[in-house]
Structures are given as structure tokens and as C-alpha cells.
Amino acid sequence: MNEPNIDPKLLKPYNPKETEDRIYKIWEESGFFNPDVCIEKGVTDEKAKPFTIVMPPPNANGRLHAGHALFVTLEDIMTRYHRMKGDRTLWVPGADHAGFETQIVYERKLEKEGRSRFDMKPEDLYKEIYDFTIANKEFMENDVRRLGASCDWSREKFTLDPEIVKTVQQTFDKMFKDGLVYRGDRIVNWCAKHQTSLSEVETEFEERTEPYYYLQYGPFVISTSRPETKFGDKYVVMNTKDERYKEYKHGQKIELEWINGPITTTVIKDDSVDMEFGTGIMTITPWHSQVDFEIAERHNLDKEQIIDWKGKLLPIAGDFVGIHISKARPMIIEKLKEKGLLVKIDEAYKHSVKTCFKCNTIIEPQIKDQWFVKMRPLADRALDAVDSGKIKFYPENYEKIFRYWMTNTIDWNISRQIVWGIPIPAKICNICKKGYSDLKDELVKCECGGELHKDTDTFDTWFSSGQWTLLSLGYPDTKDLDIYHPTNVMETGRDLIFKWIPRMVIFALYLRDEVAFHNVYLHGLVNDEKGEKMSKSKGNVVNPIDLIDTFGSDALRIALVVGNTPGMDLALSRDRIKGYKNFANKLWNITRFVMSSVPNDNFKKSELNESDKKIIDEFNIIIKDITLDMENFRFYMASEKIYHYIWDTFASIIIEESKPIISGGDEKSKISRQTLLIEILEKSLKVLHPFMPFVTEEIWSILPIENKKLLMVEKWPE
RNA sequence: GCGCGAUUAGCUCAGUUGGUAGAGCAACCCGUUUACACCGGGAAGGUCGUAGGUUCGAGUCCUACAUCGCGCACCA
């Protein structure tokens, strides 16, 4: 082929591998990811409307997965679009220490090496996990770069940066002084394997089929799936309205023979008992059940621990002391049988048990002295913010879920018994157990005269993540906050509607009297090509970096976006991505045609003739439409529209029609058409840039345009 | 039990305020003439889960049901 005018690169198919890293480096070195540089170089100005996204910080302990690829893509699309619009655009990256998650990853590593965290000094363990995390953080950041993220690395924050630790501790102190955190003996979700309490969002329900036992309890028959908790049951509870048991009076004492001998039980009448369930009679174990705990609180009953922190029975179990509950159950049943107290067994009782979301160990509810956040007043403010329309959800129906969660919230346990996290700056009295916030580490005596010792617990990860929009913008320093907060969009996975979104809303309202963001965009899960959830055990996990190596970052990005409506899960197949790799090449070849149809040197754009003007006007209408989609978070439509315009209109119709005009003799039509081709190509590149930044920037660099900037800071076409 | 979502072409999914059904991928036929075979041309493929209702008109609005998925609650 004889095409002396055009860049030799264009003669070969587009090669993302040779392009992407080089382009990213140019972007990064240009400084345009940083809005301050954009102001300095006239891309935007101080009076321009700010546009801010705070990145949901990926775990620093590992590589990115497909879900990360989706969020990076979506946020980068928004960021690039707004930067091109001339907004004062900031996308703040971050890295999460991911407290419990990371500690588990590290514990598995220790386990493999035959070590255990319980044999290590906390500070040594912390140091090891810190080094491990910081080493991995770089891999994660590099993956984010490969996806083309145009975030401002100079503002990157790590959730364990010293100033962040300090600020989070100050928030605790403020909440303590405002009476919004309290120390309390309450039921917590205890994981005996990890030796820590867990919040509701860190537990899961798992359906189990187990035997269900009916036991003779004095004159009553009670039923249970957990006979190992029954040693301490000295209250028998029935509904006040239950006619069957009306002869029994509240407070009445009854002598009866129980597992380890005779005991005295007390009758309690409480309407929370479901008369339809089992025999309508229950005994309670307040130390190991939320419901029982609440009954005990209402009637001021004794609470006694039966099971220790490792899951073994305490002395109250008599003969069974020291035996792990998993082994004790059949032994207890055997004894009950011998004593004639076993009435019957339902072999296949289906019920759900709460399990640890990481290790599937059955959660043992335990009463523990912990720090709790009083949620009601905070949640009410969050609801007000949504009611008044200050926060909008995409898709809309997630607003309902948010409301439901905020309406039904319970006090939040923020104490964790792990080292990998932000220490709670508190002191606890060794006698009366009273807790104090103590930022300066100066308190020594409790008001009761007891000694104060340091709380060794750390904060639940979400306590710090909940402040993330503020922390990543430098709170309490207001320099960036005053400009970039509230953020415009919080874009994250739909599963975080409970875990994260409400907490960010709450903290921003509490600390700054502002919403954290005006829009919440929730993406769905990225599943495998069959629509099944990716999991290591199924072996269907796809690594986004492998996909980038094979198809290019641009192809992966647009494959993740086209047709992917917010909140909906996506089935990601290799064929789908391959199609968009071809699209990148199509655009490459369009450029090759345009370049070989237009004289490279001394070409001056001319006025368009009537028919060509009509063509550009039609494109302008489509661009307007796409712009509207961009403003309304319909990236799935915007991307599809530009894709189809480029392929089906520009390539298939306009270019085909141009061939006879270009090779024809009418010089005026020819120049008009050449101008048209260049204009459409330029505009196409601009509109496509947020979706496929690498190939568009590369082509832009080849085009002979006077005074050109980087495409990433060119003006979005009006 | 309560709530939410889904049900449209073989597969994965769009379809913005109701106006004669769309895309990508796969499959079929044809074609390597000068942007591109990582391509082009052509043809095929859907009673829009079921049953009612509102309307001149419903994939789109309403009601009920079915199936699948998710969340929440209970589980003594």
C-alpha cells in the first residue's frame, strides 16, 4: 500500500499493549489529574463548578477484581466527562486497610506458616500486617492505573495514614462528649474463631437442617435446637394471653428436675412469646440470645454466661465443663434421655443460623462490654436529608432500601478485638467497667476509685470508612472541603447500600452539617458469562488485568458499560469484550482512511456545503442527546449511541459515500467533504474519550491539529 | 412472613414521559475490488412469564398469580 502521508503506526492494526502504558504516563506527567494544575494551565478556573468523586478505596491487600474494574470505569467516565466540560474536577483515590478482611488474609498466611496471631505481641502483628499491606498497595494502585483512572494521585489517602487515625479518634471523642457513643453490656455477635465481635453486616444467615428437641421442664414441655445452652435456664416464659397456662402466675416459683439436678424456675409472662410456635412455652438464656436478652432486660432478670469465648462450656454445666459445645450436644441429649427428660426429637428441623461472613463459624451471641453508637438521632437526620431531596439515588428504588435501613437501625457496635485497625482512644475502669474517651492518654483513676486501663480494641472498619468523603478531602482541614464537599457522586456497589452509604451520610451530617454527596450511583455485580457469581471455589473468577492484556483496557471498559444499567448485575463474557476490541480497531482504520483522504500538509478546513452541513448537524443532535444521557447517569445509553454512530453511520454511510467524492473531480465538494471527515472524527474522539480514553488519545496525538492539547482536556463538543 | 428486583430473539441484556419491538454475542448464506477479514453484504430469528383491567392504542400504567434472584425478620 502506498500511503506516504499517514503515520506508519496506522498501517498496522491498533495495538493496545504498545499504547496504553505510554499514554497513561503522558497523562500522569501532564498533571491534569489534579484540578490545581488544570486551573494553572487554563483548563478550568477557580470559579468553575466543582465536580467531585471520592473513590471507594479498594482493599490495599490485594489485586483488583472485575467489580473494581467496573467502578473505576464508571467513575473515570464521569470524571473525564466533567473535566472536558471545563468543571473543576477532582477524583480522589484511596486505599483501604480493610480491618477485619485484611487481618483474616494475614491470619491465613500465618496459619500456612504454622503461626498464630494469638502467640504474637499485638504491636509485632500490626507491624507485619502493615508491611504486608503497604507492599500490596502498590499492586492495587498499578491495577487502577492500567484501567486508565484519571484520579488525582497527589491527593491519595490510605485509611491508616497517621492524620486519618488521629481524626477518626477525634470523631470518637466528639461523639463521646455529645453522648452519641456509650459503653454497654449488650449482646454482640461473637466469632469464636476470630475472637472478635462482629456487626450485623459482617454476619450471614445460613440455612441448616438439624434435630429439634422437646424436653420435659417440670410441668412444661419446652423445645430447642440448642440443648447445650440450657444449663442456666431458670426462667420459664409464656404469653400473658395464653389460656393453656393461665393457672401459672408471673413470678411463681416451681421446683423441677433438670439436667444436673433439681432447680427452681420462675414463671415470667411476656407477650413476645409466640403462642403458635412449639409448645408456646420457652425458657431463656439471656447471655446467648438477643431475644432472651431483651426479655431479661424488660423483667430485670439475672443473666449468666454458659459458654466461654472459645465456645466451651463453663462450670455451670457441671459434668460438661470445658467441653466444646459442638461435642457437648449429643452428650447432653444422652443424659437427658437417661433421666427421662427427652420427650421427642424432630429430626429435620430447618432453620437459619447466623454465621461469620468470613469463616462460616456459627456466631455465638455473647454479652460483652463494648462501645456502641447511638444510631437513632443520627439516622433521623439522614432520613431528613433524603426526604428533602438532597440525595438522589440511581437507580431510584434504592432510596427505599436506604430508608428501610435507616428506619430500622439498631445501635452500632464499633468495638473490634483485632489489632489491624484504628485503636479506640478509650480507658476502661477495672472495677465498675465505666468507659472514658481519652485522646491524650492522661486519665488514670475512675470516679469510682478504680484503676483505668487502656481499651485494646480497634474501631470497626466502617467507623472510619463512614467518614471517608470528609477524610479523603483532608478533614478537619477545610481547604479542599470548602470547594469539593459535598461530593457530587458516590459511585459504589449496590451491596454497600447498607454497609457504607448510610454511615457516610450520617457522619457528614454530624461532623460538617452537610450531606456527603448529592447523588448515589449503585452498580450491580459483575458475574461470569453465564451470569453466575464469581467465586474462587467455582473457579470462574476473571482477572481484569488478564482481560486488559488480551483485549486492551478500552475494550474492557466499554464492555463493562454498554447496556449495563445501574443496579443490574452484568454477565461479562470474553466474546463481549472481543467485540469492543474490534471496535477500537475499527476506529483506528477509520482514522487511517481519513488521514489518507486528506492532504497531511497545508490542509485548511473549508466551509461545509449544504449537504455536508446537514450531516454534521445530525451528529450534533446525537451529541446533544448523548450529553443529556451523561448528565443523567445513563452511561449505558451514551456509550451505545456513540458506538453505533461511529460504526453504523460514520464508517458505513459517511465514509462509503465519501469515496467517490474524494476521488472525484469536483474540488469544492472534495474539500468540504475532507473537512467534514476531520470534524466528525475529531468530535467522535471527544465523545468517545471518557469511555475509551487510550485509543482516542492515541489517535488524537496522530491527527494534524494546530495548537492541540491532550484530548483529555479538550472541550466536550456542544 | 415482609420488602425489592427480574421474567423481551439461541445467550446476555437495552427499550427515558404508553404510539406499529432493539443491540451485542452466537448461528446461517455470500463476498477477500484500493480504511478495516479485528471486515463487508444479505437473510433469519420474539403471541415482550400467565390471566385480567385502564386506554383510540400497553413491553411500557393498574390488579392478581407463577417462576427465579436478592435483602430483611423470625426460628425459644
Side-chain angles (χ1 to χ4, degrees), chain A residues 1-3 6 10-15 200 204-205 207-208 210 212-213 215 217 222-226 229-230 233 235-238 270 272-274 277-285 288-292 295 349-354 395 397-398 400-401 403-405 408 494-495 497-498 524-525 527-533 551-552 555 558-559 562-565 567-597 625 628-629 632 634 636-637 640-641 643-644 647-648 651-652 655-656 658-659 663 677:
Chain A
M1 212 185 298
N2 184 23
E3 288 165 301
I6 70 169
L10 287 170
L11 298 176
K12 287 185 289 180
Y14 173 61
N15 186 337
E200 295 306 314
E204 280 170 357
F205 281 96
E207 190 145 284
R208 298 261 171 116
E210 290 182 308
Y212 191 64
Y213 308 96
L215 309 175
Y217 187 78
I222 59 161
S223 52
T224 184
S225 60
R226 301 201 61 199
T229 65
K230 293 286 141 199
D233 288 12
Y235 301 102
V236 59
V237 190
M238 57 205 72
D270 192 287
S272 69
V273 177
D274 182 353
F277 190 88
T279 57
I281 289 266
M282 65 191 251
T283 59
I284 55 167
T285 316
H288 299 288
S289 153
Q290 179 73 40
V291 177
D292 295 2
I295 293 172
Y349 174 65
K350 241 193 205 169
H351 68 150
S352 311
V353 292
K354 236 185 212 183
N397 63 293
Y398 276 78
K400 276 192 223 162
I401 299 173
R403 276 177 201 281
Y404 181 86
W405 192 252
N408 296 290
R494 56 143 219 248
D495 48 325
I497 185 71
F498 307 121
L525 302 173
N527 292 324
D528 77 357
E529 55 197 329
K530 290 176 200 138
E532 286 177 29
K533 195 172 173 175
F551 303 107
I558 197 164
V562 172
N564 183 10
T565 47
M568 287 283 294
D569 293 350
L570 172 80
L572 181 66
S573 71
R574 293 176 78 83
D575 280 340
R576 185 185 169 97
I577 306 167
K578 195 174 142 198
Y580 293 106
K581 179 183 198 281
N582 296 349
F583 175 57
N585 195 54
K586 184 79 183 178
L587 187 65
W588 194 250
N589 284 307
I590 286 169
T591 309
R592 179 168 159 187
F593 174 82
V594 173
M595 295 282 55
S596 59
S597 305
D625 198 27
L628 203 63
D629 288 335
N632 290 294
R634 293 190 297 255
Y636 61 100
M637 288 192 108
E640 195 175 352
K641 281 173 188 163
Y643 169 88
H644 278 114
W647 201 309
D648 299 335
S652 298
I655 285 186
E656 289 309 319
S658 300
K659 287 174 184 174
S663 58
L677 288 174

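Bear in mind that the values here come from a model prediction, so they are computed numbers and not experimental data. Chain letters run A, B, ... following the sequence lines, proteins first and then strands; every chain starts at 1.
- Comparing A/Phe583 and A/Ser573, the nucleotide of RNA chain B nearest to each residue sits closer to the 5' end for A/Ser573.
- In this structure, A/Tyr398 places its OH atom 8 Å from C1' of B/C4, rounding to the nearest Å.
- Note on A/Arg634: a base of the nucleic acid sits closer than 4.0 angstrom, heavy atoms only.
- Between the A/Thr285 side chain and the A/His288 main chain, no donor and acceptor come within less than 3.5 Å of each other.
- Closest contact between the side chain of A/Asp575 and the listed nucleotides B/A73, B/A26, B/C36 involves B/A26.
- Among the heavy atoms of the strands, none lies under 4.0 Å from A/Val237.
- Across all strands shown, A/Asp274 has heavy atoms under 4.0 Å from base atoms, whether or not it also approaches the sugar-phosphate.
- Among B/U16, B/C39, B/A23, the nucleotide with an atom closest to any side-chain atom of A/Asp629 is B/U16.
- When rounded to the nearest whole Å, the span between CG of A/Leu10 and C1' of B/U34 equals 17 Å.
- Checking B/C4, B/C13, B/A35 against every side-chain atom of A/Lys400, the shortest atom distance belongs to B/C4.
- Proximity of a side-chain donor or acceptor of A/Asn564 to a complementary backbone N or O of A/Tyr636 within less than 3.5 Å is not detected.
- Within the 4.0 angstrom heavy-atom criterion, no nucleotide atom of any strand lies near A/Ser289.
- Here B/U12 presents its C1' atom at 11 Å from OH of A/Tyr580, a figure rounded to the nearest Å.
- When heavy atoms are screened at a 4.0 angstrom cut-off, A/Lys230 is found touching the sugar-phosphate backbone but no base atom.
- With rounding to whole Å, A/Met595 atom CE is found 21 Å from B/U34 atom P.
- Picking from B/C36, B/C38, B/C25 the nucleotide with the shortest atom distance to the side chain of A/Glu656 gives B/C36.
- Taking the C1' atom of each, B/C48 and B/G3 are spaced 26 Å apart, rounded to whole Å.
- Considering only side-chain atoms of A/Met568, the nucleotide from B/A14, B/C72, B/C39 that sits closest is B/A14.
- Nucleotide B/G15 holds its P atom 6 Å from the CE atom of A/Met637, rounded to whole Å.
- Within the 4.0 angstrom heavy-atom criterion, no nucleotide atom of any strand lies near A/Tyr14.
- Note on A/Ala651: a base of the nucleic acid sits closer than 4.0 angstrom, heavy atoms only.
- Side-chain atoms of A/Met238 and A/Val273, non-hydrogen and from C-beta on, never get closer than 4.5 Å to each other.
- Contact check, A/Lys581 against B/C39: no side-chain N or O comes under 4.0 Å of OP1 or OP2.
- By the 6.0 Å contact criterion, NZ on A/Lys354 is enclosed, its count of non-hydrogen atoms from other residues, nucleotides or ligands being greater than 12.
- The CD-P distance, from A/Glu640 to B/A23, rounds to 9 Å in whole Å.
- Residue-level contact check: A/Gly531 touches neither bases nor backbone, having no heavy atom under 4.0 Å from any strand.
- Comparing the P positions of B/C4 and B/A64 gives an interatomic distance of 11 Å, to the nearest angstrom.
- When the C1' atom is compared between B/G53 and B/G18, the two are found 15 Å apart, to the nearest whole Å.
- Between B/C74, B/A35, B/G15, one nucleotide has an atom nearer to the side chain of A/Phe593 than all others, and that is B/A35.
- Taking atom P on both nucleotides, B/C62 is separated from B/U67 by 22 Å, rounded to a whole Å.
- In this structure a side-chain-to-backbone donor-acceptor pair under 3.5 Å is missing from A/Asp629 to A/Arg634.
- Distances shorter than 4.0 Å separate some side-chain N or O of A/Tyr636 from OP1 or OP2 on B/G15.
- A 4.5 Å side-chain heavy-atom check between A/Trp647 and A/Phe583 finds at least one atom pair inside the cut-off.
- Between B/A73 and A/Asn408, no contact under 4.0 Å exists linking OP1 or OP2 to a side-chain N or O.
- Spacing between B/G5 and B/U17 at atom P, rounded to whole Å, works out to 15 Å.
- Set against B/C74, B/C72, B/A14, the side chain of A/Tyr404 has B/C72 as its closest nucleotide.
- The side-chain heavy atoms of A/Met282 and A/Phe277, taken from C-beta on, include no pair separated by under 4.5 Å.
- Note: CH2 (A/Trp647) to C1' (B/C38) measures 8 Å, nearest angstrom.
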Map every base of RNA chain B to its dot-bracket character, where paired means a Watson-Crick or G-U wobble contact with both distances under 3.5 Å and | marks a partner outside the strand.
(((((((..((((.....[..))))..((((.......))))......(((((..]....))))))))))))....
Walk me through it: do A/Tyr217 and A/Ile281 pass the test side-chain contact (heavy atoms from CB on, under 4.5 Å)?
CA-CA 10 Å; A/Tyr217 187 78; A/Ile281 289 266; 6.0 Å; no
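- Nearest-nucleotide assignment on RNA chain B puts the 5′-proximal partner with A/Ile401, out of A/Ile401 and A/Thr283.
- In this structure, the side chains of A/Phe593 and A/Leu677 come closer than 4.5 Å at one or more pairs of heavy atoms.
- Here B/G41 is the nucleotide among B/G41, B/A35, B/U16 with the atom lying nearest to any side-chain atom of A/Ser652.
- A close approach under 4.0 Å does occur between a side-chain nitrogen or oxygen of A/Thr565 and OP1 or OP2 of B/A14.
- For the pair A/Lys659 and B/A35, the criterion of a side-chain N or O lying under 4.0 Å from OP1 or OP2 is met.
- Here, B/C30 and B/C61 have their P atoms 45 Å apart, quoted to the whole Å.
- Backbone-only contact: A/Thr224 has heavy atoms under 4.0 Å from sugar-phosphate atoms and none from a base.
- Nucleotide B/G15 holds its P atom 11 Å from the CG atom of A/Asn564, rounded to whole Å.
- Residues A/Ile295 and A/Tyr235 fail the side-chain proximity criterion, which asks for heavy atoms closer than 4.5 Å.
- For the residue pair A/Ser272/A/Asp270, the side-chain donor-acceptor check at 3.5 Å is satisfied.
- Between B/A23 and B/G15, the two P atoms lie 15 Å apart (nearest whole Å).
- The side chain of A/His644 lies closest to B/G24, out of B/U16, B/G24, B/U12.
- Going from the P atom of B/G45 to that of B/A35 covers 34 Å, rounded to whole Å.
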